[in-house]
Engineer: 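Here you go, one structure.
Just follow the structure's listing: the first ligand is 1, and inside any ligand the first atom is 1.
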Amino acid sequence: MSARPKISVIGAGNVGASVAQYLVEKELGDVVLVDVVEGIPQGKALDLAQAGPVHGYDSDLVGSNGYDETADSDIVVITAGLARKPGMTRDDLLFKNAEIVGSVVEQVVKRSKNAILILVTNPLDAMVQLAWKKSGFPAERVIGMAGVLDSARFRTFIARELDVSVENVTAFVLGGHGDSMVPLPRYSTVAGIPITELLPAEKVAQIVDRTRNGGIEIVNYLKSGSAYYAPSSAVVEMVDAILRDKKKILPCAVSLKGEYGYTDLFIGVPVKLGRKGVEEVIQIELTAEEKAGLAKSAEAVKELCAILKV
Ligand code: TXD
């Protein structure tokens with residue numbers, strides 16, 4: 001392998017393979033793709049390597065069914081697990097995915113003691129908490145991806161509603177992934193203008209509702225799996241912020257140490273991402289309604305963690 005950063009992606013399914021693709025297209029590092037299914041990570045890694053000459057990337061790509069190739073990774077993205085089918089909630093995945101994520105983390109941390117872990121597997125907030133406990137890593141190196149995706153969905157719908165560029169739209173979301181996310185419309189803007197000044201309250205409420213159900217809308221279309229283009233793009237934005245030490249403010253599921261009134265609970269809040277991982281939790285004053293939304297979200301996460309005893 002080269003002097004480039006090393007990023008391991010565990011789970012070479014829909015999200016994992018797209019993460020690998022976007023990572024090398026941005027030439028963020030060398031990529032190791034791992035999966036339990038024999039041949040899949042090897043085949044996808046080789047296929048992606050052969051796109052290199054066309055795209056113009058030199059990243060190394062390796063596929064494996066084991067973990068030795070992941071040794072000394074800078075970042076490990078964990079997507080291994082089952083995805084939702086129609087009629088399933090994220091929480092239905094709890095036990096099976098806890099088992100998978102637990103075993104993956106064990107294998108990973110043995111070989112990459114200084115890595116930053118990015119969790120993707122659902123139910124997201126509980127899986128991050130579990131990964132943190134299992135890894136023994138400091139909390140700033142264990143991060144869950146959900147908020148970047150939820151806010152990207154929110155931004156897409158706002159941009160479409162107002163017929164403006166998605167690049168002009170910023171969104172602020174807190175809380176757990178999906179159903180229990182807490183969007184903050186007063187801090188969601190178009191070129192700096194809060195959307196509450198651009199859209200009637202009912203329209204904002206409709207968009208919030210569609211965003212909360214953004215995952216299931218896609219599951220219902222695909223039938224055989226869940227979303228992966230936007231989720232993997234969101235992961236890659238986080239990897240980019242970390243590896244290039246951008247100090248970018250992004251909503252991520254991280255461990256709170258008293259911020260927003262919670263301790264040792266992983267939940268989505270805006271954080272500063274840089275080379276050390278989570279470098280700061282951004283705190284703002286919440287209204288009573290927003291606090292209640294966050295409390296509901298926190299309760300849902302705590303409940304799953306209690307079931308898993310993490
Ligand atoms: O916002 C978010 N956090 C999410 C989460 C957005 C999208 C998807 N989200 C969740 O990620 C989804 O609910 C699943 O729990 C994971 C992975 O979703 P994906 O769509 O990639 O699922 P796939 O295509 O089924 O891929 C999962 C792969 C598959 O290839 C399995 O063989 C592999 O995981 N797998 C494993 N790899 C390594 N080790 C073990 N033990 C293992 N078990 C399964």
Engineer: Got the closest protein heavy atom to atom 44 (C) of ligand 1, with its distance?
Structural biologist: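 The protein heavy atom lying closest is Gly81 N, 3.8 Å.
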Engineer: Are any of the heavy atoms in Ala227 under 4.0 Å away from ligand 1?
Structural biologist: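 Distance cut 4.0 Å: Ala227 passes for ligand 1.
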Engineer: Taking salt bridge (charged side-chain N to carboxylate O under 4.0 Å, His left out) as the cut-off, I'd like each qualifying pair that reaches into residues 154-175, sequence neighbours left out, listed once.
Structural biologist: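 As it turns out, the salt bridge (charged side-chain N to carboxylate O under 4.0 Å, His left out) pairs with a partner in residues 154-175, which skip direct neighbours, are Glu161-Lys203.
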Engineer: Note the single closest protein heavy atom to atom 40 (C) of ligand 1, along with its residue, its atom name and the distance in Å.
Structural biologist: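 Ranking protein heavy atoms by distance from atom 40 (C) of ligand 1, first comes Val36 CG1, 3.5 Å.
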Engineer: Do ligand 1 and Val120 have nitrogen or oxygen atoms that lie under 3.5 Å from each other?
Structural biologist: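 Min N/O separation from ligand 1 is below 3.5 Å for Val120.
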Engineer: Using the rule salt bridge (Lys or Arg N to Asp or Glu O under 4.0 Å), only one of Lys247, Lys246, Lys272 pairs with Glu279; which is it?
Structural biologist: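 Between Glu279 and the candidates, salt bridge (Lys or Arg N to Asp or Glu O under 4.0 Å) is satisfied uniquely by Lys247.
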Engineer: What protein heavy atom is closest to atom 41 (N) of ligand 1, reported as residue, atom name and distance in Å?
Structural biologist: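 Nearest protein contact, heavy atoms only, for atom 41 (N) of ligand 1 is Ile100 CG2, 3.5 Å.
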Engineer: Going by the atom numbers of ligand 1, which of them fall below 4.0 Å from some non-hydrogen atom of Val37?
Structural biologist: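 Those qualifying, in numeric order: 32 (O).
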Engineer: Heavy-atom count around Lys44 NZ within 6.0 Å, excluding the residue itself: above 12?
Structural biologist: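 Above 12, so yes.
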Engineer: Have a look at ligand 1 and work out which part of Thr121, if any, has a heavy atom under 4.0 Å from it: side chain, backbone, both or neither.
Structural biologist: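 Looking at Thr121 and ligand 1, atoms from backbone and side chain both fall under 4.0 Å.
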Engineer: Asn122 versus ligand 1: do any nitrogen or oxygen atoms come within less than 3.5 Å of each other?
Structural biologist: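 Yes, at least one N or O pair falls under 3.5 Å.
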Engineer: For ligand 1, is there an N or O atom under 3.5 Å from any N or O atom of Met145?
Structural biologist: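 So ligand 1 has an N or O lying under 3.5 Å from an N or O of Met145.
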Engineer: Distance to 0.1 Å, residue and atom name: give those for the protein heavy atom nearest to atom 1 (O) of ligand 1.
Structural biologist: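 Ranked first by proximity to atom 1 (O) of ligand 1 is His177 NE2, 3.0 Å.
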Engineer: Which residue and atom name correspond to the protein heavy atom nearest atom 22 (O) of ligand 1, and how close is it?
Structural biologist: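 Of the protein heavy atoms, Ala83 CB, 3.7 Å lies nearest.
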Engineer: What protein heavy atom is closest to atom 29 (C) of ligand 1, reported as residue, atom name and distance in Å?
Structural biologist: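 Its nearest protein heavy-atom neighbour is Asp35 OD2, 3.4 Å.
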Engineer: Identify, by atom number and element, the atoms of ligand 1 in contact range of Leu124, meaning under 4.0 Å from any of its heavy atoms.
Structural biologist: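 The list of qualifying atoms is 3 (N).
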Engineer: Would Asn14 count as a polar contact of ligand 1, with the cut-off being nitrogen or oxygen pairs under 3.5 Å?
Structural biologist: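 Such a contact does occur with ligand 1.
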Engineer: Counting heavy atoms only, name the option from Gly11, Ala12, Gly13 that's nearest to atom 26 (O) of ligand 1.
Structural biologist: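 The option holding the nearest heavy atom is Gly13.
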Engineer: Report the nearest protein non-hydrogen atom to atom 14 (C) of ligand 1: residue, atom name, distance rounded to 0.1 Å.
Structural biologist: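 Looking only at protein heavy atoms, the one closest to atom 14 (C) of ligand 1 is Leu82 O, 3.1 Å.
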Engineer: Please could you name the atoms of ligand 1 that Asn97 approaches to less than 4.0 Å, counting only its heavy atoms?
Structural biologist: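 In order of numbering, the contacting atoms are 15 (O).
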Engineer: Write out the residue and atom name of the closest protein heavy atom to atom 18 (O) of ligand 1, then the distance separating them to 0.1 Å.
Structural biologist: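 Here the closest protein heavy atom is Val15 CG2, 3.7 Å.
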